[in-house]
Protein chains: 2
Amino acid sequence: MEHRTRARRRITLQDLAGTLGVSKTTVSNAFSRPDQLSPELRARVMEAARAAGYAGPNPVARMLRTGRAGAIGLILPESLPFALDDPATSELIRGIADACEERRLGLLIVPGATRARDPHTITDVAVDGFIAYSLPWETPALQHVLARGEPVVVVDEPRIPGVATVGVDDFAGARLAAGHLVGLGHRRLGIVASPFRPDGYTGRGDAARVSSSTFDVATRRLQGYRAAVADAGLAVDDVPLYECALSDEELGRQAGRDLLERTPRPTAILAMSDRLAIGVLAAARDLGVAVPAELSIVGFDDIPGATTSRPSLTTVRQPLRLKGYAAARYLLDAPGTRPPDAAPEALPPDGDEISLPVELVIRRSTAGAPPA
Amino acid sequence: MEHRTRARRRITLQDLAGTLGVSKTTVSNAFSRPDQLSPELRARVMEAARAAGYAGPNPVARMLRTGRAGAIGLILPESLPFALDDPATSELIRGIADACEERRLGLLIVPGATRARDPHTITDVAVDGFIAYSLPWETPALQHVLARGEPVVVVDEPRIPGVATVGVDDFAGARLAAGHLVGLGHRRLGIVASPFRPDGYTGRGDAARVSSSTFDVATRRLQGYRAAVADAGLAVDDVPLYECALSDEELGRQAGRDLLERTPRPTAILAMSDRLAIGVLAAARDLGVAVPAELSIVGFDDIPGATTSRPSLTTVRQPLRLKGYAAARYLLDAPGTRPPDAAPEALPPDGDEISLPVELVIRRSTAGAPPA
DNA sequence: GCGCTGTTCTTGATCGATCCAGAACCAAAC
DNA sequence: GTTTGGTTCTGGATCGATCAAGAACAGCGC
């Protein structure tokens, strides 16, 4: 037991150099730059290292010296368990992981940014840059990252001047969705929204909340919906809105029930995410409303579950996994980010906004409006 | 543009101390130990920091000095996308994340350990300890971690003398599953196994592969199955075995088809994971074999999908999320792991094996054996 | 023999913080 | 007036590596 209590100081590169009678640079080279020393000496060093139980340079010391951390950080708004439950988020993570594997980098996850007031977890973490996903304006964690001056790429939101952002054209996507419905003859629509503010509110739409929204994506999608509604000559204010604090099936169901119990009942519902849309599907089932005969539903995202739902979901597809991949690649390759020795020319400027394409995918949850 | 190219050296604690005319220790204390200096001076320091754009101590430098990294590493056998697809793995991650949030630690994911020959990704990462999940014997990445002497907790496998392991009693669980089936009168069983060696083999059982297995869990579950079979007075060697390279539905289906096309057809199939079992369910559907009337199926794990499958799955429940949580807690609290200042007494010895309980959950995929 | 190029290895500075021991100062206690 | 005690602040050593510059020595051509 003694060997643990005594906290025998771990052997260092310096020690090893000492016992070998060579300089520490040589030992360092043996591990990190094998071409810089003769094969025989290198073999001797490695042998001595094995004998001494030295497993290679301390990563932290190396980081300090080189300035590279070998990992990127992912800042998530909610807890990791929640993120894993959410297909859109986990697709995003897959995309980021794809890029990390290409570059052989670790992925450091820092969840719960929306809740955490304490910057501790963020500031104490060693990464080469951060990806911040779907955060409200003024998230303290994000402020700290920006203050620290580390490279950051934001995915979806918030758009911050001078900070690179990867996202989709939410306005166009939403407009496409709503345009599809009005094109099918629907005149009584309803909207199920993801949150406008990160305060846990779930309930009927509230103009004050909408106008003070701290979530860009929800705002832009709403504008897209309304643009199509207005284009069709309908009154934007007549479209009922239900806001859900979280994008999950249960709240979508709750929203669906609220909207479907109104009179006149909407003939079509726009949901800002597929999970919400699937919840609305459940609400329709609960209330005996036939989809798509009596009610059309359009989601957003095109998560895997959108094809397997009953009926399958018409939705706005966004390339979720690609979004993660693109964000990571941009983070790693953009000028502010890449190692100083890399050529700085011919790279996109900082603060870029990368917009990935969206596409309306028509499945079985939408059909012509029922006769009035 | 110039400000980026020029790579203006980032301001340090030292610089700040210089401009303020105080010592760096004082500045350090202002950030990390506010009680060590007068409120006025601290205010001055913080103000100057804000003015200078200094966002707090460099985490890497702090790590080097303090020896704490503020994150734990998770070594996964496959890619992260695969892990996220696998409900058992993602439950485990949830559990680990629970513990990380309690302790406000980051979670650094290092995937693809089975494939990676190059230790680079592992050795370059700064963490306070590793959780290694379900790795075959002699995974190079694991060897490196052990060589480095970092605290490690293994989840499930491999069991290594002197290394703490968190798992379940696979033998007992498997025996329970098989005992349930023979208790129902089944005499012709089949087994769908998770891999015995990490070489991508999928196909009929092979005694040589089984006896040279590098996956402890599969081995112990097989032994558990066979123990129950032997207890019932049946010939162990008569039970057909199909090995799947990966624990996913598609391979389970393939295995199911193989087993169900044999004559005599098995009346019950034991699968080493729920995903495999769900694949067997699909195979039965493909071949028009009624479950449970003509075929009983027992899974392992009790993933969320086990209740929603048609029919719902009888399975051996293991507390997946708790397993992750327990592993992380053990890593953080066990003697080898905790910061040197903590009291070392009254803690479990190193190399402990924590075994979490399993439980047979009987649902609708099992029933009495059909009349011969 | 002289300079030249190239390989192999070493020295000393550096990355940016924390920590330890102690200095300076002031107030209370004897 | 000296001691004691308690804040508050400082200087230098230290964590464990990498890096830039240069020394030592070899081989090669002329």
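Proteins get letters first, then strands, A, B, ... in listed order; numbering begins at 1 in each.
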### Task
Please determine if a side-chain N or O atom of A:Thr12 lies less than 4.0 Å away from the OP1 or OP2 oxygen of D:dG16.
no

### Query
Minimum heavy-atom separation for B:Met63 to A:Val60, with atom names?
CB-CG1, 3.5 Å

### Task
Give the nucleotide from the list C:dC19, C:dT11, D:dC9 with an atom nearest to the side chain of B:Thr66.
C:dC19

### Check: A:Ser38 side chain, C:dC9 base, donor-acceptor under 3.5 Å
no

### Task
May I ask you to say whether A:Arg321 pairs ionically with A:Asp98, meaning some side-chain N is under 4.0 Å from a carboxylate O?
yes

#### Entry: Phosphate OP1/OP2 of D:dG16: any A:Tyr54 side-chain N/O under 4.0 Å
no

### Query
Is any N or O donor-acceptor pair between the side chain of B:Thr25 and the base of C:dC19 shorter than 3.5 Å?
yes

### Task
Send over the distance from B:Ile11 CD1 to C:dG16 P, rounded to a whole Å.
11 Å

### Query
Taking for each residue the nucleotide of DNA chain C with the nearest heavy atom, is it A:Leu37 or A:Lys24 whose nucleotide lies nearer the 5' end?
A:Leu37

### Query
In whole angstrom, what separates B:Gln14's CD from C:dC15's P?
10 Å

### Query
Could you give the CG-to-P distance, from B:Asp35 to D:dT7, as a whole number of Å?
10 Å

#### Entry: B:Arg33 vs C:dC19: side-chain N/O to OP1/OP2 distance below 4.0 Å
yes

### Task
Rounded off to whole Å, could you give me the CG-to-P distance for the A:Leu64 and D:dC15 pair?
14 Å

## Note on the structure
All heavy atoms of B:Ala52 vs all of B:Leu16, minimum pair found to be CB-CD1, 4.1 Å

### Query
OP1 or OP2 of D:dT14 sitting under 4.0 Å from any side-chain N/O of B:Arg65?
no

### Task
Could you state the atom-to-atom distance from CG of B:Asp15 to C1' of C:dT14 in whole Å?
14 Å

### Task
Pick base, sugar-phosphate or nothing for A:Thr26, based on heavy-atom distances below 4.0 Å to the nucleic acid.
base

### Query
Will you find, in the side chains of B:Arg42 and B:Ser38, an N or O donor that is under 3.5 Å from an N or O acceptor?
no

### Query
How long is the line joining CZ of A:Arg148 and C1' of C:dA17, in whole Å?
11 Å

### Summary
To the nearest angstrom, the CZ-C1' distance between B:Phe31 and C:dG16 comes to 13 Å

### Query
Got a second to check how far B:Leu108's CG is from A:Ile72's CD1, nearest 0.5 Å?
11.0 Å

### Query
Base, sugar-phosphate, or nothing: which does B:Val60 touch, judged by heavy atoms less than 4.0 Å apart?
nothing

### Task
Starting at atom CZ of A:Arg68, determine the distance to atom C1' of D:dG16, rounded to an integer number of angstrom.
17 Å

